[in-house]
A.B. asks: 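Shown below is the structure under consideration.
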Amino acid sequence: MMKTVGALLILAAVFGQRLAAQTPKEMLLALSKRDHTVSIVDPATLKVLAKAPVGEDPHEVIASTDGKTAYVSNYGGGAYNTLAVIDLIAQKPLPSVDLGALRGPHGLDVAGGKIWFTAEAAKAIGSYDPGTKKIDWILGTGQNRTHMIYVSQDMSRIITTNVSSGTVSIIEKAAPRPMGPPPGAPGPPPGAPPRQFGPPGGDWDETVVRVGNGSEGFDVSPDGKEIWVANAQEGTISIIDSASKKVTETLPANVQSANRLKFTPNGTRVFVTGLRIPDVVVLDAATRKEIKRITVGHGAAGIQMQPDGSRVFVACSPDNYVVVIDLKSLEVMGHIDVGQEPDGLAWAVQR
């Protein structure tokens with residue numbers, strides 16, 4: 001009996017080692033909204049290596065900086081309030097993050113080792129610290145359907161699109177402001193510098209920029225100088241100058257139902273998807289002109305650029321596959337079956 005138990009333990013250990021070895025250093029993560037799973041895809045072979053459950057109505061996925069953990073927003077249009085957590089090495093779910101009153105999590109980003117998220121139903125954004133396992137910061141936007149989020153790596157600037165308000169929020173870390181003491185508190189001794197009061201971590205300034213109706217998919221150019229926003233209800237693209245925080249151009253791009261927008265890694269092209277159009281629209285970032293429309297199916301959502309600039313992955317939700325497009329030829333080069341109604345995509349690199 002002891003020999004049998006020992007043999008089983010050895011087999012379990014060997015199996016665990018083999019399972020961990022199956023996770024490549026670089027991987028594509030792809031959500032299936034209908035199956036409630038995230039697929040771990042080997043980008044070298046375009047094969048699904050494993051799937052893990054991620055809870056109800058998963059919409060967006062992001063990988064931690066070290067590439068070992070994935071986080072998924074359980075959206076539900078405001079019905080749900082959790083982030084699913086997946087161990088990418090063991091390829092299994094971990095305990096989810098309860099966001100409490102911050103309902104409708106959707107957009108995700110990673111900066112400073114923290115997971116940043118929108119909470120659409122709460123009209124707010126926040127950050128989750130995996131080290132302390134706590135939500136350590138919350139800020140209200142005052143806008144309707146705060147949906148997608150970008151956070152600069154130095155965490156000094158946050159950008160969100162607000163779908164129903166037709167706006168973009170540019171939120172910037174404010175310089176320290178000397179303030180008087182709260183009512184009833186003693187003032188500083190004579191000659192002493194004024195004490196600093198205010199929220200932990202400092203204060204923030206928000207600039208709300210009016211763009212177009214249905215502002216949802218957006219991206220910041222790799223050089224940080226421009227913010228491109230797809231306005232789904234108007235079929236236009238608003239270009240915001242990052243420095244002045246003003247719209248400088250509105251492109252009549254004819255991208256009705258636009259869902260996502262992404263720059264290529266070198267910043268020369270912009271890809272736009274729409275849930276109810278058969279093509280991925282490719283624009284030249286310099287000339288602002290359309291280069292090509294790539295037929296992919298009956299509609300598309302999530303976009304993930306391969307960091308080396310060789311390929312782009314597009315989730316074709318109505319067709320139940322992820323299409324692979326060669327960035328040089330702008331031709332479809334393959335399809336990946338990750339389950340029904342694929343949407344959010346992410347890239348993970350183990351470090």
Side-chain angles (χ1 to χ4, degrees), residues 107 143-150 152 157-170 207-305 309 312-317 323 325-332 345:
Q143 300 295 296
N144 295 328
R145 289 196 65 198
T146 298
H147 201 64
M148 303 298 290
I149 186 170
Y150 160 89
S152 64
R157 174 177 270 208
I158 303 169
I159 302 170
T160 71
T161 43
N162 311 300
V163 183
S164 296
S165 292
T167 61
V168 169
S169 293
I170 301 175
T207 301
V208 178
V209 182
R210 172 64 184 169
V211 282
N213 294 327
S215 52
E216 183 176 346
F218 84 101
D219 200 7
V220 179
S221 61
D223 62 11
K225 294 181 179 180
E226 294 181 337
I227 305 163
W228 287 46
V229 185
N231 306 309
Q233 294 176 28
E234 299 178 2
T236 61
I237 294 174
S238 299
I239 300 176
I240 301 172
D241 176 72
S242 291
S244 67
K245 298 187 279 288
K246 294 181 179 179
V247 174
T248 57
E249 293 181 71
T250 299
L251 309 181
N254 189 24
V255 283
Q256 295 291 338
S257 74
N259 185 256
R260 296 291 177 265
L261 180 152
K262 290 291 181 184
F263 278 88
T264 54
N266 61 11
T268 62
R269 293 172 176 174
V270 176
F271 279 62
V272 188
T273 58
L275 286 173
R276 291 185 292 276
I277 58 175
D279 307 317
V280 174
V281 180
V282 186
L283 303 172
D284 185 293
T287 66
R288 321 307 209 198
K289 302 297 183 182
E290 182 178 306
I291 297 173
K292 187 175 183 179
R293 289 185 176 238
I294 306 169
T295 301
V296 295
H298 297 86
I303 307 173
Q304 177 60 52
M305 296 289 168
V312 58
F313 302 88
V314 177
C316 299
S317 304
V323 71
I325 299 172
D326 183 278
L327 278 176
K328 187 174 182 180
S329 66
L330 298 181
E331 298 289 342
V332 173
L345 304 171

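No experiment lies behind these values; they were computed from the predicted model shown.
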A.B. asks: Report yes if some heavy atom in the side chain of Val209 is under 4.5 Å from a heavy atom in the side chain of Val229; otherwise report no.
C.D. replies: no
A.B. asks: Is the count of non-hydrogen atoms from other residues, nucleotides or ligands lying under 6.0 Å from Lys292 atom NZ greater than 12?
C.D. replies: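 Correct, the count exceeds 12.
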A.B. asks: I'd like to know whether NZ of Lys245 has more than 12 heavy-atom contacts from other residues, nucleotides or ligands below 6.0 angstrom.
C.D. replies: yes
A.B. asks: How close do Trp228 and Asp284 get, counting heavy atoms only, and between which atoms?
C.D. replies: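 Closest approach of Trp228 to Asp284, heavy atoms only: CH2-O, 4.4 Å.
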A.B. asks: Check Ile303 against Leu261 and note the closest heavy-atom contact, atom names and distance.
C.D. replies: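 Scanning both residues completely, I find the closest heavy atoms to be CD1-N, 4.2 Å.
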A.B. asks: Drop me the distance from Met148's CE to Glu216's CD, to the nearest 0.5 angstrom.
C.D. replies: 7.0 Å
A.B. asks: Of the non-hydrogen atoms in Ala232 and Ala258, which two are nearest, and what is the gap between them?
C.D. replies: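 Shortest heavy-atom contact: CB-O, 3.2 Å.
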A.B. asks: Looking at every non-hydrogen atom in both residues, tell me the closest pair between Thr295 and Val332 and how far apart they are.
C.D. replies: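 Heavy atoms only, the tightest pair is O-CG2, 4.0 Å.
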A.B. asks: Would you mind reporting whether Asn162 and Arg145 have side-chain heavy atoms less than 4.5 Å apart?
C.D. replies: no
A.B. asks: Could you report the tightest heavy-atom contact between Val270 and Ala285, atom names first, then the distance?
C.D. replies: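 Looks like CG2-CB, 4.2 Å.
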A.B. asks: Is it true that, when you exclude Arg288 itself, more than 12 heavy atoms of the residues, nucleotides or ligands shown sit nearer than 6.0 Å to its CZ?
C.D. replies: yes
A.B. asks: Of all heavy-atom pairs between Ser238 and Thr250, which one has the smallest distance, and what is that distance?
C.D. replies: OG-OG1, 4.2 Å
A.B. asks: Please tell me if the side chains of Val314 and Arg260 come closer than 4.5 Å, counting only heavy atoms from C-beta onward.
C.D. replies: no
A.B. asks: Quick one: are Asn266 and Pro222 in side-chain contact, heavy atoms under 4.5 Å?
C.D. replies: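 Answer no - side chains too far apart.
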